[in-house]
Structures are given as C-alpha cells and as structure tokens.
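Quick caveat, the model's predicted, so the values are computed rather than measured. Labels below follow one simple rule: chain letters A, B, ... track the order of the sequence lines, proteins then strands, and each chain is numbered from 1.
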2 protein chains.
Amino acid sequence: MSSASSGTYDTTEFYEGLVRHGLIVPVRVQGAFGRGAVFEDVLERFNALITQISRDDGAELYTFPPVIDRTIIERTDYLDSFPHLAGTVFSFMGKDREAKQLSDRVHAGEPWGDLQGITDVCLNPAACYPVYPVIRGTLPERGRLITMTNWVYRHEPSPEPTRMQSFRVREFVRAGHPDAVVAWRDQWLERGLGLLKELGLPARSDVASDPFFGRKGRMLAEGQRAQKLKFEVLVPVISEENPTAVCSFNYHHDHFGRVFEIHTPANEAAHTACLGFGLERCVMALFRHHGFVPADWPAAVRARLWP
Amino acid sequence: MSSASSGTYDTTEFYEGLVRHGLIVPVRVQGAFGRGAVFEDVLERFNALITQISRDDGAELYTFPPVIDRTIIERTDYLDSFPHLAGTVFSFMGKDREAKQLSDRVHAGEPWGDLQGITDVCLNPAACYPVYPVIRGTLPERGRLITMTNWVYRHEPSPEPTRMQSFRVREFVRAGHPDAVVAWRDQWLERGLGLLKELGLPARSDVASDPFFGRKGRMLAEGQRAQKLKFEVLVPVISEENPTAVCSFNYHHDHFGRVFEIHTPANEAAHTACLGFGLERCVMALFRHHGFVPADWPAAVRARLWP
C-alpha cells in the first residue's frame with residue numbers, strides 16, 4: 001500500500017475508502033456513522049494491546065455509560081471552556097395534551113425542541129469525567145490508577161472521518177502526589193509512542209492545547225501550552241501537514257482534586273492527570289498507513305495485533 | 001446462596017449488594033451508575049455466549065454509537081408511542097456574548113437549558129433503530145440478519161437497579177419474508193429461554209406489551225398483546241411476582257419496511273423482527289440467583305461462562 005502511506009488523502013477519498021471496504025457504515029448525520037465487523041475487530045485488538053502493555057500497573061477497571069451526571073460539567077468549568085462541544089440530554093416531561101402537541105408537530109415536520117426539557121444527565125464529554133466524583137475522599141499513599149473505555153460526545157459534526165460526534169476513548173486516570181502523577185504521565189508518553197511505532201505508524205508527540213471556545217479561549221490555549229499541561233501523540237491520517245491527535249495527555253494540577261474533594265493522606269488536594277487513546281482514530285491511522293484490508297497488513301503489525 | 005435464590009429482595013437491598021461487592025459504582029443520578037471489572041467480565045462472557053450459540057447463523061455485525069440520526073425517531077412514530085422515554089441531544093450554538101451568559105448562569109446555579117438548541121442527533125432508544133436506514137433497498141431472497149451490541153437510552157430515572165437510563169442491548173434484526181421472520185423469532189424464543197435456563201436462571205416467556213404513553217397507549221398495548229407482536233423472557237430479579245424482562249422480541253410486520261423502504265425481491269415491503277438481550281439485566285439476574293461472587297457460582301454455570 002505505498003500509495004496509501006505517502007502523500008495526502010483528501011477527506012472524501014479516505015472516508016469513501018472506509019465505506020467501500022465495509023469498515024464504516026454511512027448514516028444521515030455527520031460523525032455518527034456505524035462501524036463494521038472488521039473495524040471493530042481491529043479496535044478491540046488495539047484496545048487489548050493497551051491492556052497488555054499496562055497489565056502490571058494494577059489499574060482498577062470501570063465502565064461508565066455514555067450519559068453522566070450533568071452537574072459534573074457544571075462543576076468542572078467545562079461549559080466555560082467548551083460550551084460549543086457539550087451535549088445535554090433533553091426529554092419530554094408533559095402529559096397527554098402536550099404529547100398530542102408533540103406528535104402533531106413531529107408529523108407536520110415542525111420544530112418540536114421547545115417541548116423538551118433539560119434532564120439531569122449530559123453526554124460524557126471526556127472519558128475520565130465520571131470517575132472524579134467516584135474517587136472523592138482520601139487516596140491511599142500511592143494514589144489511585146483507574147482505566148476505562150467509554151463513549152464520549154462532542155458536538156462537532158464534520159465530513160472528516162476522524163472528527164466524530166461520538167467515539168470511544170481508552171482512558172487512564174492517575175490521582176495522587178504531583179511527582180508521581182507527572183512521572184506516570186511521562187512514562188505513558190513514551191509507551192504510547194512506542195506502541196504506535198511498533199504498529200508501523202509514524203507517530204510523534206508534541207505539546208498541545210485544547211480547542212477552547214471564543215476570544216478568551218485563545219488565552220487559555222496559550223497558557224496551557226506555556227505550562228505544558230497538554231501533550232498529544234500525532235499520526236498523519238488525513239494530511240501530513242496537520243496530523244491527527246490519536247492520544248492525548250492532560251495534567252490537571254489540583255483542579256479536579258479541589259472540585260471533587262480528592263485528597264492525599266496529608267489532606268492536600270490531589271493532583272490528577274489522564275491520558276486517552278482515541279480508539280477509532282488509532283484504527284483509522286492503521287487503515288490509512290497499512291491499507292483497508294488487514295489481511296494485507298505487514299506481518300509484524302498483524303502479529304502484534306493478532307498474536 | 002440459597003438465601004439469594006428464594007424470596008424477594010427489596011430494591012435497596014439488591015442495589016446495595018451490587019455496590020458493596022464493587023459490581024456497580026454509585027453516581028449522583030439514578031440509572032447511570034458505573035460498572036466494575038467483575039460485572040463487565042460477566043457481561044462480556046454472557047455476550048460471547050450469545051455469539052457462540054448464533055455463530056452458524058451468518059449474522060452481519062455492526063456497532064453504532066449511542067447517538068443516532070434524530071429523524072429516525074421522528075419517522076418511526078417513536079415520539080407518539082414513547083415521548084416520555086426519548087432523549088434528544090441539545091447543544092450551545094451561540095457566540096461569545098451568549099457563551100458569557102451561559103457561563104454566568106452555570107456559576108450562579110441558575111437554569112441554563114434555554115440557551116441550548118436541538119441538534120441533529122438523539123440518544124438511541126432501541127439497539128435496532130440505527131440499522132433500518134442502513135438496509136434500505138432490495139433485500140436478497142433469503143433476507144438479511146444483523147447483530148449489534150449498542151448502548152440505548154430511556155429517560156426513566158429509578159432507584160431500581162434493573163431500570164437504567166443507559167444500558168447495553170445485544171440485538172439481532174431479521175428482515176425478509178413474513179414466514180421467515182416469524183420462524184426466526186420463534187427459534188430465538190426457544191434459544192433465549194434455553195440459554196438462560198442452562199445458566200441456572202428460572203426463565204419463562206410470555207406475551208408482553210411496550211410501555212406506551214398515556215391514554216391512547218393503553219389501547220396500543222392491548223392491540224399489541226392481542227396480535228402477539230411482543231414476547232419477553234422473564235426472570236425474577238427484584239421480585240418473584242413481577243419478574244424482570246431480560247430479553248425482548250418484537251415483530252414489526254411491515255412497519256419499518258415501509259418507513260425505511262426495505263423491500264423483498266418481489267418489491268413488497270419487507271417484514272422485520274428484532275430481539276434484544278438486556279445485557280446488564282441478564283448479568284444482574286445471574287448475581288441475584290447465584291450470589292454476588294462469581295467464584296462461588298455453581299460449577300456448571302461457571303463452565304458455561306468461562307469455558
């Protein structure tokens with residue numbers, strides 16, 4: 001697949017290749033496509049590799065639903081930083097009369113959103129968010145390490161296949177003393193790069209910033225870069241010039257420790273960091289660099305994924 | 001665990017047992033709890049058993065995200081039948097000025113839902129919904145069979161642990177000629193019962209009806225029962241008197257075939273049926289009947305799940 005591993009796909013070409021090979025299944029809205037059996041097999045194998053390389057770390061495993069307590073995004077300033085990406089869940093809370101009105105509107109093709117009210121849940125915006133309230137209280141001396149594979153949501157419909165509204169992140173969260181948290185983050189930065197390179201991907205890491213909203217957001221992004229709070233592992237998927245972040249590392253200092261009352265045994269606010277592999281993006285990077293047919297991938301890559 | 005397999009738990013007792021054994025992780029909102037590692041292991045093993053007993057059926061495998069094209073629930077009359085259960089995704093679509101307003105409201109603890117607008121996606125209300133638009137067109141003579149494990153959403157917060165806002169369903173969808181569809185449904189009714197009984201669960205099947213909304217809903221439910229369009233496999237989890245539906249079978253006649261233009265080769269609207277195992281409910285039924293510690297489960301049950 002030399003043609004696939006050099007040059008730059010356009011978005012449509014790569015998307016259509018994924019569709020043509022049954023790897024993804026188009027739907028009417030952008031960024032919410034289905035995944036086919038082969039895509040899922042690669043995703044599960046890749047996720048299993050992450051489990052394998054971290055098996056001696058003693059991470060606690062949790063799974064959280066795609067909807068979470070809405071107060072989490074209220075308490076963490078998510079709606080200050082990323083109001084445009086958040087998805088909140090609304091439902092109908094009326095009686096027979098209002099239900100008739102809703103039905104009439106839907107059948108007439110008229111807007112019906114104003115007949116819905118906000119619920120107590122929102123879509124999970126980042127795989128780690130539901131875990132912080134769960135680890136409230138005093139940590140053991142060595143801190144805690146938790147891993148999850150959760151569906152996350154971002155309201156950014158796009159024809160670009162790596163920019164999804166809904167996708168899975170394999171996440172690790174470390175909470176404890178600052179030194180331990182930073183050392184753990186740095187270890188994983190190497191591990192993540194190593195894993196992707198072993199799979200034949202031209203990965204590199206870089207300091208990064210989040211897509212903060214609006215004018216104030218530009219300052220937040222500059223501060224985040226200056227303090228090196230965010231790193232990403234990048235692989236070209238759609239373009240060589242603008243590689244795709246397939247893995248993201250965030251150091252939160254004591255922000256979540258303070259908000260969710262997570263303490264060290266010395267009663268100081270715990271520091272936290274998280275890292276997440278964007279599983280669909282990692283899988284797409286493999287299809288981009290090795291071709292659309294896993295049976296034709298390099299033997300070393302196949303041996304690592306299907307040992 | 002004879003004490004666990006006779007009599008009736010109250011909701012709180014069973015919920016607290018699940019929590020105490022780390023099987024589920026409480027969160028602030030009802031029906032959105034996290035799942036622990038042992039719970040997930042049982043769920044994955046149970047799902048793998050379903051794959052195993054259906055391996056010769058030739059089902060096509062898809063995975064869909066927890067959010068789907070909103071027009072699907074508009075076109076299928078879901079909002080007529082279950083307006084109270086649907087969840088729609090709202091997002092912020094303003095600029096800097098409105099973002100400031102949103103932020104101020106959130107920090108003041110004031111309502112902010114009116115600053116959100118409806119998006120093109122809703123939460124998936126039933127695992128099979130996203131598949132019907134995908135199989136639009138003319139089916140092969142033998143029809144099609146598709147399987148998925150998807151997260152679904154129902155807005156019915158409850159302290160009762162089997163009544164979740166967000167849960168996974170292992171679903172099968174059969175589309176084709178009416179005779180083939182009904183025969184397939186009947187075969188699975190036996191298979192589902194057989195699988196659960198092999199796992200030591202006192203399962204039985206019954207004609208059922210959906211929780212249609214309001215006054216009109218009672219008539220819809222009566223019609224559904226009279227026509228035997230819905231069956232459930234039931235296992236006592238919370239109470240002996242009101243067993244929990246762990247598996248549900250729906251025959252749609254040509255409803256989805258007409259709405260989504262799915263045809264037989266003779267150009268008639270295809271008939272469809274679906275069946276879904278509520279995976280969390282099946283797992284909870286196992287914990288209810290065999291106890292909270294899988295290592296202590298009957299050898300035959302363990303051998304089936306962990307062969």
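No other option in B:Leu43, B:Val131, B:Val27, B:Leu79 has as many heavy-atom pairs under 4.5 Å with chain A as B:Leu79. The most heavy-atom pairs under 4.5 Å with chain A, out of B:Thr63, B:Val29, B:Leu61, come from B:Thr63. Ranking A:Phe64, A:Phe167, A:Phe213 against chain B, the residue ahead of the rest is A:Phe213, based on heavy-atom pairs under 4.5 Å. Contact tally against chain B (heavy-atom pairs below 4.5 Å) for A:Ile68, A:Ile72, A:Asn150, A:Thr71: the top residue is A:Thr71. Residue with the most contacts toward chain A among B:Pro65, B:Gly34, B:Ala37, B:Pro130: B:Pro65 (heavy-atom pairs, distance under 4.5 Å). For the options B:Val134, B:Asp77, B:Asp80, heavy-atom pairs under 4.5 Å to chain A are most numerous at B:Asp80.
At distances below 3.5 Å, not a single donor-acceptor pair connects side-chain atoms of B:Glu60 with backbone N or O atoms of B:Arg144. B:Arg35 places no side-chain N or O within 3.5 Å of a backbone atom of B:Ile24 that could act as its donor or acceptor partner. Within the 3.5 Å criterion, the main-chain N or O of A:Ala32 finds no donor-acceptor partner in the side chain of A:Ser166. When atom types are taken as modelled, the side chain of B:Arg170 and the backbone of B:Asn47 share a donor-acceptor pair closer than 3.5 angstrom.
Within the 4.5 angstrom heavy-atom criterion, no atom of A:Arg75 approaches chain B. Residue B:Val25 touches chain A through its side chain alone, counting heavy-atom pairs closer than 4.5 Å. For B:Pro157, no part lies near chain A; criterion is any non-hydrogen pair under 4.5 Å. Contacts between A:Pro133 and chain B at a heavy-atom distance below 4.5 Å are absent for every atom of the residue.
Taking the six-membered ring where the residue is Trp, A:Phe260 and A:Tyr132 present parallel rings, their angle staying beneath 30° rather than reaching 60°.
Proximity to chain B among residues 82-106 of chain A is limited to A:Pro83, A:His84, A:Ala86, A:Gly87, A:Thr88, A:Val89, A:Phe90, A:Ser91, A:Phe92, A:Met93, A:Gly94, A:Lys95, A:Asp96, A:Ala99, A:Leu102, A:Ser103, A:Val106, judged by heavy-atom separations below 4.5 angstrom. Within residues 109-128 of chain A, the residues having any heavy atom under 4.5 Å from a heavy atom of chain B are, by residue number, A:Trp112, A:Gly113, A:Gln116, A:Ile118, A:Thr119, A:Asp120, A:Val121, A:Leu123.
Tested against A:Thr149 for a side chain to side chain contact (heavy atoms under 4.5 Å, CB included), the candidates A:Ile50, A:Thr51, A:Val169, A:Leu279 yield a single pass: A:Leu279.
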For B:Ser158 and B:Glu160: C-alpha separation, side-chain torsions, deciding distance, then whether side chain to side chain donor-acceptor pair (under 3.5 Å) applies. CA-CA 5 Å; B:Ser158 164; B:Glu160 208 270 73; 5.7 Å; no
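Here A:Glu74 pairs with A:Arg70 in a salt bridge; the nearest charged N to carboxylate O distance falls below 4.0 Å.
Residues that satisfy the side chain to side chain donor-acceptor pair (under 3.5 Å) test with B:Gln165, not counting sequence neighbours, are B:Tyr153. For the salt bridge (charged side-chain N to carboxylate O under 4.0 Å, His left out) test, residues two or more places apart in sequence or in another chain that qualify with B:Arg163 are B:Glu156.
The two residues A:Pro26 and A:Tyr15 come nearest to each other via the heavy atoms CB-OH, 3.5 Å.
Under 3.5 Å, the side chains of A:Asp210 and A:Gln224 contain a donor-acceptor pair of N or O atoms.
B:Arg28 CZ: more than 12 foreign heavy atoms inside a 6.0 Å radius.
Taking the six-membered ring for Trp and the full ring otherwise, the centers of A:Phe256 and A:Tyr129 sit less than 6.0 Å from each other.
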